[in-house]
Amino acid sequence: MDMKRIEKKWQQQWERAKLAHFDKKSEAPKFYVLEMFSYPSGAKLHIGHWYNYGPADSYARFKRMQGYNVFQPMGFDAFGLPAENYAIKTGVHPKDSTETNIATMEEQLRAMGALFDWSAEVKTCNENYYRWTQWMFLQLYKKGLAYRKEAPVNWCPSCRTVLANEQVEGGVCERCSTPVVRKNLTQWFFKITDYAEELLTGLDTLDWPEKTKNMQRNWIGKSTGCEIEFKAESGESFRVYTTRCDTVFGVTYVVLAPEHPLARKLTTPEQRDAVEAYIDYAARASEIERLSSTREKTGVFTGSYAIHPLTGKRIPIYLADYVLASYGTGAVMAVPAHDERDFAFATKYNLPIVKVIEKKGGETKLPFCEDGIVRGSVDFDGLFGEEARDAIAAHISKLGKGGKKINYRLRDWLVSRQRYWGAPIPIVYCDNCGTVPVPEKDLPVRLPYDVEFRPDGKSPLAKHEKFMNTVCPVCGRPARRDPDTLDTFVCSSWYYLRYTDSHNDKAPFDREAADRLMPVDTYVGGAEHACMHLLYARFFTKALRDMGYLDFDEPFKRLVHQGVILGPDGNRMSKSHGNIVSPDEYVKEYGSDAFRLYLMFGFSYTEGGPWNDSGIKAVSKFLERVEKTVQKVAGYKVPRDPAFPYGQAEKALDYARHFAISRITKDLEAFSFNTAIARLMELLNAIVAYDGNDAKNIPLLKDTVKDFILLLTPCAPHVSEELWEMMGGRGFAAEQDFPKADPEKLVLDETEYAVQINSKIVVRTMLPSSAGEEELRAAVLALPEISAAIGTRTVRKCIVVKGRLVNLIVG
RNA sequence: GCCCGCGUGGCGGAAUUGGCAGACGCACAGGACUUAAAAUCCUGAGUUCGCGAGAACGUAUCGGUUCAAAUCCGAUCGCGGGCACCA
């Protein structure tokens with residue numbers, strides 16, 4: 001088969017018939033299949049794209065053949081740092097390189113033969129898209145979900161730029177491996193923490209991989225504990241957060257984070273110099289230093305004392321950077337006897353250690369951090385673990401000094417980026433009016449083209465006077481724009497909504513359109529987005545719902561992660577490993593269908609694995625064998641004779657056919673593509689075997705071959721169209737109904753049973769499928785092998801598993 | 001350190017969710033066709049022992065539950081991923 005020719009032929013015909021266009025008028029139930037859109041960093045599709053999009057398209061095609069009105073759009077996540085770095089290196093403008101890359105990728109995606117609805121395409125770097133990204137920002141701002149604050153961010157001193165969290169790997173810059181430092185900058189944040197609880201509980205309703213849900217759960221990190229108020233002798237009071245309030249009588253000192261607002265206020269004049277030096281030291285610590293949990297604890301005494309709220313004892317107040325300013329209250333009560341970190345710190349600084357928890361039954365060595373029996377805690381002595389915590393928390397609450405409190409590890413989402421290639425933040429700063437949002441009617445805030453890319457990495461926008469200078473929308477006086485752009489994850493947090501109405505220039509999307517298509521029924525993409533994109537998108541959906549723009553809670557009902565295709569050496573494909581396999585040469589040699597089919601057959605879809613090319617030859621051979629067989633069967637004339645045989649051979653063929661249908665239907669639904677194709681191979685073997693008979697039921701054979709082609713259609717769409725045409729099928733194979741299994745054909749007269757004696761297989765035998773337990777037992781006992789094996793022993797028990805085995809327990 | 005997942009032939013991987021381990025393929029061996037090779041077709045094969053019918057062993061290791069365990073439970077080893085001073 002000339003693959004090139006038939007690929008082109010059918011792609012053109014599908015295009016002409018607008019096969020991929022979502023039919024808004026259709027009565028059929030909608031089905032939204034979404035693959036994560038691509039980032040146009042390289043010019044070409046790599047194996048990862050193919051592995052994501054090829055099999056996922058087969059799934060979409062399968063749903064289409066099942067009668068769903070399928071919506072499967074595609075687009076580009078087109079803003080981002082790589083394009084800008086490329087510009088700094090080569091001088092090619094990000095807009096130009098991005099557009100060139102997109103054009104190439106579009107062409108390759110079309111050549112893949114996937115049924116993408118290109119009429120809904122979005123590119124996040126286009127004005128008609130980022131205008132609405134800015135609009136989203138403004139809605140969040142109005143709702144109080146976008147706010148600006150000074151915060152420590154990741155700063156790479158060599159690139160002289162702020163980095164996103166995801167661009168810091170193990171404390172160093174992913175680009176230049178320079179240790180990242182923290183720097184305080186005033187930044188925009190989205191208040192995702194307002195949704196922490198709902199983002200957590202919502203997971204229970206989702207059909208997502210457990211692993212991914214767990215990652216989100218851990219990332220959100222809900223913790224139930226207690227806040228306790230401490231009063232300094234100087235009168236200042238502050239709260240600490242603890243999950244172990246049962247140890248509160250063991251507190252021997254308290255610790256504030258160096259960034260705590262009271263840190264300086266609580267410092268006595270004698271300690272001033274030491275404290276200032278420490279705050280400075282802590283601010284300078286690089287991320288790798290801070291990341292290390294084995295790092296020796298450091299800290300400084302403030303000179304002040306606090307009063308223990310329950311014992312009235314006087315305890316010293318310390319500053320230490322093992323306490324995080326951004327979690328809980330930024331202060332902790334230290335119980336060195338029952339916390340490893342406090343223990344290490346207390347040992348180093350010679351602070352008292354008071355034991356208040358005892359292990360049940362045994363003597364313990366400190367620090368003892370598990371739950372135990374409370375001792376030396378007045379009325380609470382003898383209580384254990386949770387019981388003690390409840391009682392103590394209630395007591396604290398009664399005293400008006402705090403009480404139970406829930407905290408989350410999740411932090412607000414920092415969305416400012418000191419970069420050019422992104423959506424400008426639609427905010428103006430006016431000396432008169434302060435922070436002023438750009439009015440919606442003035443959107444988009446256009447990203448200027450004529451900027452200079454500086455080798456020092458400084459933001460080109462901040463230097464662009466024409467961009468920066470504007471007038472205040474409120475008072476009309478000169479004002480300055482925000483020089484930053486939005487994190488690209490903001491763009492990708494709502495693209496699935498834009499797809500539903502991508503040409504709308506009055507709104508980001510029409511509510512009716514979104515409600516008709518959303519939520520996404522099946523979302524397919526990489527697992528690396530578990531705690532970023534997938535969390536942000538859920539947040540956006542919930543925020544938009546609360547603002548009245550949507551009517552559902554979760555954007556992605558079902559989520560499937562494809563695995564990773566590794567290089568032939570088993571390592572991740574990368575330039576540094578020198579093991580990159582390009583799809584292009586394989587597609588050229590074997591065709592798009594064979595390539596896709598190999599990706600589906602050679603791996604367990606969610607696992608992935610190392611590439612090897614012997615597999616693709618095998619799959620290509622399979623397609624040749626299919627073609628040969630179909631050609632032969634297509635050539636058979638249907639004789640006039642109406643008396644076609646229907647005996648054992650025909651029954652066996654029908655069984656093979658309907659077995660394949662039923663299994664493939666299940667397998668495709670489950671993204672178990674490798675087994676689906678194995679079943680196709682078996683069916684082909686059965687067809688070839690039947691064709692080897694002298695007397696044939698030609699209509700049955702032809703029908704079986706037609707079903708075979710339709711079963712193959714989602715997985716090898718071009719070849720299948722060609723074969724369908726060869727068999728004289730009407731219309732596109734892609735538009736036929738997916739074959740349905742006939743349960744009657746799946747029942748054979750006889751089933752093979754394994755017959756066991758004392759759980760060991762003695763013989764396998766064919767027994768009537770309709771036989772009940774008693775019949776089976778009798779039939780088995782009548783077998784000569786069995787009676788011989790039993791001998792004089794008696795049968796004590798007989799276990800029958802219908803359709804599988806009979807196990808005789810004898811003794 | 002903590003959390004999660006995984007471990008099956010020479011290889012990629014199956015196993016109706018506790019019921020015949022190794023589907024389907026790759027690679028391999030033997031045969032047919034061919035002057036020969038390639039291609040194609042047929043046959044074989046978990047491992048070990050045996051000429052043989054056959055027997056024993058076998059899903060990382062050890063132990064347990066069960067008539068029955070790759071599957072459930074406990075411990076150990078190994079691999080992968082995520083989080084990382086979150087009090």
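Side chains are part of it too, since the values below use all heavy atoms of this structure and drop only hydrogens, waters and symmetry mates. No experiment lies behind these values; they were computed from the predicted model shown. Each chain gets a letter, A, B and so on, in the order the sequences are listed, and its residues count up from 1.
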If we take the P atom in both B:U71 and B:A60, what is their distance in whole Å?
8 Å

Does B:G9 adopt a syn or an anti glycosidic conformation, taking syn as a chi angle within 90° of 0?
syn

Identify whether any heavy atom of A:Lys621 sits under 4.0 Å from a base atom; if not, whether one sits that close to sugar-phosphate; answer base, sugar-phosphate or nothing.
sugar-phosphate

Please measure how far the P atom in B:G63 lies from the corresponding atom in B:A53, and state the result in whole Å.
32 Å

With distance as the sole criterion, is a donor-acceptor pair present between the side chains of A:Asn685 and A:Arg625 under 3.5 Å?
yes

With a 4.0 Å cut-off on heavy atoms, is A:Glu752 in touch with a base, just the backbone sugar-phosphate, or nothing at all?
base

Counting only side-chain N and O atoms of A:Asn685, is one of them less than 4.0 Å from OP1 or OP2 of B:G25?
yes

Classify A:Arg679 by what it touches in the nucleic acid, base, sugar-phosphate, or nothing, heavy-atom distance under 4.0 Å.
base

Nearest-angstrom distance, P atom, B:G9 to B:G58:
14 Å

Any-strand Watson-Crick or G-U partner of B:C2, both distances under 3.5 Å:
B:G82

Hey, does the side chain of A:Arg796 come within less than 4.0 Å of B:C67's phosphate (OP1/OP2), counting only N and O?
no

With A:His308, which of A:Val248, A:Val254, A:Thr252 fulfils side chain to side chain contact (heavy atoms under 4.5 Å, CB included)?
A:Val248

With both distances under 3.5 angstrom, what nucleotide forms a Watson-Crick or G-U wobble pair with B:A38?
none

Using the P atom as the reference point in each nucleotide, state the distance between B:G46 and B:C41 in Å, no decimals.
23 Å

Residue pair A:Glu386, A:Arg389: steps toward the salt bridge (Lys or Arg N to Asp or Glu O under 4.0 Å) verdict:
CA-CA 5 Å; A:Glu386 197 59 39; A:Arg389 286 191 284 276; 3.0 Å; yes

Euclidean distance for C1', B:U43 against B:C49 (whole angstrom):
25 Å

In whole Å, what separates the P atom of B:A29 from that of B:G18?
41 Å

Quick note, A:Ile799 side chain, CB onward, closest among B:C24, B:C41, B:G19 is B:G19

Complement of B:G54, any strand, by Watson-Crick or G-U distances under 3.5 angstrom
B:C49

B:A87 phosphate, OP1 or OP2, under 4.0 Å from A:Tyr322 side-chain N/O
no

Would you mind reading off the distance between A:Glu528 atom CD and B:G80 atom C1', rounded to a whole angstrom?
15 Å

Establish, for the pair A:Lys297 and A:Tyr322, whether the NZ or CZ atom is under 6.0 angstrom from the six-membered ring centre and no further than 45 degrees off its axis.
yes

Could you measure between the two P atoms, the one in B:G52 and the one in B:A38, and give it in whole Å?
30 Å

What is the distance, to the nearest angstrom, from the OH atom on A:Tyr590 to the C1' atom on B:C26?
13 Å

So does A:Ser614 get a side-chain nitrogen or oxygen closer than 4.0 Å to the phosphate oxygens (OP1/OP2) of B:C11?
no

For the C1' atoms, the ones on B:A15 and on B:U65, what distance do you get once it is rounded to whole angstrom?
22 Å

Taking for each residue the nucleotide of RNA chain B bearing the nearest heavy atom, is the 5' side occupied by A:Ala331 or by A:Asn214?
A:Asn214

B:U17 glycosidic torsion: syn (within 90° of 0) vs anti
syn

Which nucleotide, if any, forms a Watson-Crick or G-U wobble pair with B:C28, using both distances under 3.5 Å?
B:G44

Under a 3.5 Å cut-off for both contacts, is B:G7 paired Watson-Crick or G-U wobble with anything, and if yes, with which nucleotide?
B:C77

Please report the distance, rounded to the nearest Å, between NZ in A:Lys213 and P in B:C3.
21 Å

Tell whether A:Asn218 reaches the base of B:C83 with its side chain through a donor-acceptor pair below 3.5 angstrom.
no

Distance test, side-chain N/O of A:Asn674 to OP1/OP2 of B:A14, below 4.0 Å
yes

Gap between atoms CZ and P, on A:Arg389 and B:A87 respectively (whole Å):
12 Å

Should the side chain of A:Lys297 and the base of B:C85 be counted as holding a donor-acceptor pair, with the cut-off at 3.5 Å?
yes

In terms of ring plane angle, is the pair A:Tyr590 and A:Tyr586 parallel, tilted or perpendicular, where the classes change at 30° and 60°?
parallel

Starting from P on B:G12, measure out to CZ on A:Phe673 and report it in whole angstrom.
21 Å

Gap between atom CZ of A:Arg244 and atom CD1 of A:Ile392 - 0.5 Å precision:
10.0 Å

